[in-house]
Structures are given as C-alpha cells and as structure tokens.
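Both counts, for ligands and for their atoms, begin at 1 and track the order of listing. For reference, positions follow the sequence shown, starting with 1.
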Amino acid sequence: MQTTFHDLNLSTQLLNAIEDLGFTHPTPIQEQAFSVVRSGKDIVGIAQTGTGKTFAYMMPILRDLKFTEQKHPRILVLVPTRELVTQVVEEIEKLANYITLRVLGVYGGANINVQKRAILQGQDIIVATPGRLYDLALSKALNMKSIQKLVIDEVDVMLDLGFRFQLLNIFDILPERRQNIMFSATMTQDVDALITDFFKAPEKVSIAVSGT
Ligand code: ADP
Ligand code: MG
C-alpha cells in the first residue's frame, strides 16, 4: 500500500499546508528520507531532479523544529545559485504556511546591508549561497553557534561549480555537533570524495531512476 503523508506522522499544520498544495502522496525520496532525517544521523539522499527533494528534507526538519524566539538561526541550507535560494525559500514558506517560522534567503549580488538587517531581526532558517554565507559569518553579522542542521542541496552542482573549498571553510565555522544532510541528483566522484573526507558514515538513501 502506498504511504500517505498521514503515515509520516506530520503535524496538522504541515498536513494542512500539503493539502493546500494538492499533493496526495509523498514521493519515494520523501518517504525514504523522512525517518533518517528525523533520526539526526548524517544522510545523503540521491534522487533525480523534480522528485521533491526540497520537501524530502524540509518536512522532517519542520516536523521537529520547535518555535522559539531565539535570535540565531538553527537550520542552514546551502544551495549553489541565487535562483535556487529563491526557489527553496518559496517552497519552505509554502510548507510553513500554518506555522510561525522565520526564513531568510541570502545570496551575492544583492545588498549585504539589507541582509544584515534582516538577520538582526532573528531568523530560524537561513537559505544561502556559500560565498555570501561565508562573508556574512566572517563579518559577524551572522552567528552560527546555534546551527543544528546543515543541508547541502544540489551538492553535485555545488562541487561542479568549484565550491568545495568554500564548503570546507563553512564547515570550519559551524558547530561540530550538528547533523549533515546532503541531497544530490547524482552520485559523482566529487560528491563521494566530499563524503569520505568530511562526514561520519552517512546513511545513504538512493532512488533508482525509473525505466532504466
Ligand atoms: P528536486 O529538488 O528533486 O528537483 P523539488 O523539490 O524542486 O524537486 O520539487 C519539484 C516540484 O514537485 C515542486 O514544484 C514541488 O512543489 C513539487 N512536489 C514536491 N513534493 C511533491 C509531492 N509529494 N507531490 C506532488 N508534487 C510535489
Ligand atoms: Mg532540488
């Protein structure tokens, strides 16, 4: 029998948001990644483009993110491009429609002082490109000490674009005790090397391409 969103034991607020979106069933990557992300273990999820990877990590994260008024963000999502920052922020806002949550997207090429002011107001989730994230952290505008989960989305594209060094710099300024969550459309040699070099035995959740 096909898994439903109810089977995932989501909150009523999340279920209502998903119903508004018209989604009837979780996709395979959403179904299989859910309990692993919730477990707190490091995870690398592989599934092709368009299979709903954003919700695959955001549903379990939002399921457990309790509302507080604390200032410093607890979740950091890194994506390779500014277009993706905007897209991911929009997806999060849809899913979080019925919960109180502060989410901010930051990327290069936009006014950094505007971003600094928004950060000062207090945020729960930051979605960022690596370069701008690092600049904001170095300038002390963004305090990383409360980050509990690091998501690296499109990690294959990230490495293809030459962001490995930037990622390593960011790992250095994050709390060591954190969950690492990586999602990718493909398992490339570079992705494999990053995992081997920097992550503790992540759980692998891989959805085969259908029809091959
Ligand atoms: P990916 O990151 O794997 O490329 P996205 O997370 O961008 O995929 O999702 C692709 C599209 O599918 C988005 O428009 C998203 O809102 C939609 N989507 C996500 N989950 C579901 C679902 N369970 N059922 C139907 N559509 C979904
Ligand atoms: Mg995606």
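- When only non-hydrogen protein atoms are considered, atom 20 (N) of ligand 1 lies nearest to Gln30 NE2, 2.8 Å.
- No donor-acceptor pair closer than 3.5 Å links the side chain of Arg132 to the backbone N or O of Thr129.
- Neither the backbone nor the side chain of Tyr57 comes within 4.0 Å of ligand 1, counting heavy atoms alone.
- With a 6.0 Å radius and a threshold of 12 heavy atoms from other residues, nucleotides or ligands, Phe67 has its CZ atom above the threshold.
- Between Pro26 and ligand 1, not a single N/O pair is under 3.5 Å apart.
- Within a 4.0 Å radius of atom 11 (C) of ligand 1, the protein has no heavy atom.
- Arg38 and Asp64 are joined by a salt bridge, as a carboxylate oxygen and a charged side-chain nitrogen come within less than 4.0 angstrom of each other.
- If you take CG on Leu120 and CG on Asn143, they are separated by 11.0 Å, rounding to the nearest 0.5 Å.
- The aromatic rings of Phe199 and Phe171 sit perpendicular to each other, their planes meeting at more than 60°, with 30° as the lower class boundary.
- Residue-environment remark: CD (Glu19) stays at or below the threshold of 12 foreign heavy atoms within 6.0 Å.
- Between the CZ atom of Arg164 and the CE atom of Met158 there is a distance of 13.5 Å, given to the nearest 0.5 Å.
- When the shell of 6.0 Å around NZ of Lys41 is examined, it contains 12 or fewer heavy atoms from other residues, nucleotides or ligands.
- Ligand 1 has no atom lying under 4.0 Å from any heavy atom of Phe183.
- Ligand 1 lies less than 4.0 angstrom from a heavy atom belonging to Gln48.
- Although no hydrogens or angles enter the test, the distance criterion places a donor-acceptor pair under 3.5 Å between the side chain of Arg74 and the main chain of Lys66.
- Within the 3.5 Å criterion, the main-chain N or O of Gly40 finds no donor-acceptor partner in the side chain of Lys149.
- Shown here, atom 2 (O) of ligand 1 is in close reach of the protein: a heavy atom of it lies under 4.0 Å off.
- For ligand 1, the polar-atom distance check against Gly50 finds a nitrogen or oxygen pair separated by under 3.5 Å.
- Residue Thr54 has at least one N or O atom closer than 3.5 Å to an N or O atom of ligand 1.
- Distances below 4.0 Å separate heavy atoms of Phe5 from the following atoms of ligand 1: 23 (N).
- What sits closest to atom 26 (N) of ligand 1 on the protein, heavy atoms only, is Phe23 CE2, 3.3 Å.
- Between Phe163 and Tyr134, the ring center distance fails the sub-6.0 Å criterion.
- When hydrogens are left out, the protein atom nearest atom 8 (O) of ligand 1 is Gly52 N, 3.1 Å; that is the closest non-hydrogen contact.
- Polar contact check, Glu91 against ligand 1: a nitrogen or oxygen pair lies under 3.5 Å apart.
- Protein heavy atom at the shortest distance from atom 23 (N) of ligand 1 is His25 O, 2.8 Å.
- Residue Thr49 approaches ligand 1 through these ligand atoms, each under 4.0 Å from one of its heavy atoms: 4 (O).
- Note on ligand 1: Ala47 sits outside its first shell, no heavy atom being nearer than 4.0 Å.
- The ligand atoms of ligand 1 that sit less than 4.0 angstrom from a heavy atom of Thr51 are 1 (P), 3 (O), 8 (O).
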